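Written below as structure tokens is the structure these notes are about.
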Amino acid sequence: MHTLPLLATLLFAPMVAGRPAPPVDRLDLPAPVDTLVVATGGPWRTVGDAVRAAPRGAVVIVEAGTRREPTLVLDKPLTLVGRPGAVLDGEGERGLIRITADSVTVEGFTLRRTGLSYTDDRAAVLVDRARFCALRGLRLEDTFFGIYLANAGDCLVEDNTLAGASERETRSGNGIHLWYSTRVTIRNNDVRGHRDGIYFEFVEDSRILDNVSRGNVRYGLHFMFSDGCAYRRNVFSDNGAGVAVMYTSEVVMDGNDFRGNLGNAAFGLLLKDITDSEIVNNRFRANSVGIHAEGANRVRVAGNDFVGNGWAVKIMANSEDSEVTGNNFVGNSFDIATNSRRSYSAFTGNFWDRYRGYDRNGDGVGDVPFHPVRLFSLVVAQNEPALVLQRSPLVALLDLAEQVLPVLTPESLADEAPHLSPFATVWSSER
Amino acid sequence: MNTALKVFRYQVRDLARSRAIAGYAAFLLLATAGLLHFGGGPARALPSLATVVVLVVPLVSLLVSTSFVYHGNDFIELLLAHPVGRRPLFAGMYLGLALPLAAAFVLGAGIPLAVGGALASHAGAVALLGVAGVLLTTAFTSLGFLVALRVREAASGLGLALVLWLGRAVIYDGGVLLGAYGWAAYPLEVPMLVSMALNPVDVARVLVVMALDASAMMGYTGAVFQDFFGGPVGVALALACLGAWTLLPGLAARYTFVRKDF
């Protein structure tokens, strides 16, 4: 009831006053939009000319066809739309679009062949000190950096497909790269074949939602010094080293699927110096290490599925006051590994498929604690070639002896209330 | 060859009358079905089944073959009184034991896997498990023959078979673990590979683990093993090792049999 008089005042004030309206952001009636069409036989032959001639707020429509032009500089608010089949080709020599003004939208293009450069951060789309940009429905092929946002704010990167052709770390750039940016939303993109699929450094209050990042040379997501960000419902699979989240506080990691990150130094999720964060409702499946935590303090790990990993969770002794609860540990070679005889985090209230305890009062919680660190995981930590004895009857005997009478494994690292049946998680339907 | 076939047929009929083989098949059937049913799906049941196979198949093959040779001593002496070649006789007896044991294993473990759908969903791993199990059967049948023909006293022969089994299945790995600690300062990947190849139980176990438990094996060391055992060459080599464990003790047993003064 309060907004109606306000709206009326804003809309009718100009008429009443009889002079031009002061600019009212996003509430004044849409002005007639200039539309410029770039086509082979049309009024504008090159995108560059059309963009230079366009007034502020214009729409530049580019018809189908491959165009080889110098890097487009978008230095005023406008909307650049590529019709299906509109291709910008960098011929392996230059970046394609550079956005330096606020309120620019680019959509629908295929951007290809930037070539690689060791001296500048060559990207298909570079956003430099601009706000309110939207990049959507772009298809990037064979680019060095894909979408590069530096000092950007309030931007939306949505529905893009980035297909790099990287094979080596040193000869490749990142897919979606953010540097010193705030309030950016990265949504529903598909990134593959880059160095890092998505890269965040010094980013604040941003969201990474529903993306797929797979088959990248290094990390699916590389995330540093980016407080207060969240990533949800993404798929990170088959990346060289999984996902790394480092030197950050207050990160929310929710509903992601980390899978198939296999290799000597590959992790589903690497945490390094992470504080006050949440890792909830994710699935870690078939990774060499599900979560590797170093200096993870006050991190809550809850409602996740750890299925078929080599090590579900490796937690170093410099992680304090973290809480692992309500998770399912199923079919992992090792559930928990640590490098200390003491435990500084809580592991109470999970489901462990290795648990062999009983439940006399039938409340669904086991009566004897579960020690998730196996003796064999200590043996392997000290002596890696011993891994070949995996599943040997001897190892089963050693583990059993240690479970009955813990001597070497951290006695305090125990689940005092292990659940007897798996928790229902967001992944239950796929089990 | 005719003699071998006759002995083989007699042996199979004799085995069919005893309940050892049927009981073995029934045990495997129950164990596999139970693991599939209560273990929570083939992906989790198969590694457990592999552990059972690696422990039980050698034990049963050893005990059944030694006790049957002791049991059939009179029969052997009777046959040898006739103009019968010793080699065909040995071949018939050996195959008459090894094939029913292998068949019992394949049927006992295979039927629940086929019915439970694991054969369809994990064809490669199941096939590997099957081949490894059959080769373990023949290898330990060979060892059983060798023990029973070398040791005259039945009780000590069976005891030796048990010690042999315990040594191969458990104690050997303990030695390997001690060795790994003793020479921890050296690169141990290749020595470990060789030490695994020298024990048929370990060869079978590692083969199956590589196929089923791959994710833990992706560290540096794991990668060495994975490169070796995960590829077709490694699998072929491992199977060749198991084959050698069938062939060499088998030939030694035949050598003993041909020269033995019953």
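The chains referred to below are lettered A, B, ... by the order of the sequence lines, with proteins before strands, and numbering in each begins at 1. Predicted model only: the values in this text are computed from it and were never measured.
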Sidechain-backbone polar pair: B:Asp173 side chain, A:Ser392 backbone, donor-acceptor under 3.5 Å: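 It does not hold such a pair.
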
Sub-4.5 Å side-chain heavy-atom contact between A:Leu389 and B:Arg205: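 Yes; the side chains approach each other to less than 4.5 Å.
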
Contacting moiety of A:Val380, where chain B heavy atoms sit under 4.5 Å: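 A:Val380 has no heavy atom closer than 4.5 Å to chain B.
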
Which region of B:Tyr181, side chain (C-beta onward) or backbone (N, CA, C, O), has a non-hydrogen atom less than 4.5 Å from a non-hydrogen atom of chain A, or is it both or neither?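 Both parts, backbone and side chain.
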
By a 4.5 Å heavy-atom criterion (distance strictly below it), what part of B:Val170 contacts chain A: side chain, backbone, both, or neither?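 Contact with chain A involves both backbone and side-chain atoms of B:Val170.
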
Kindly give the heavy-atom pair with the smallest separation between B:Leu177 and A:Ala386, and that separation in Å.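 Where B:Leu177 meets A:Ala386 most closely, the heavy atoms are CD1-CB, 3.8 Å.
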
Looking only at heavy atoms, which two atoms of B:Glu189 and A:Pro385 are closest? And how far apart?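 Minimum heavy-atom contact is OE2-CG, 4.1 Å.
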
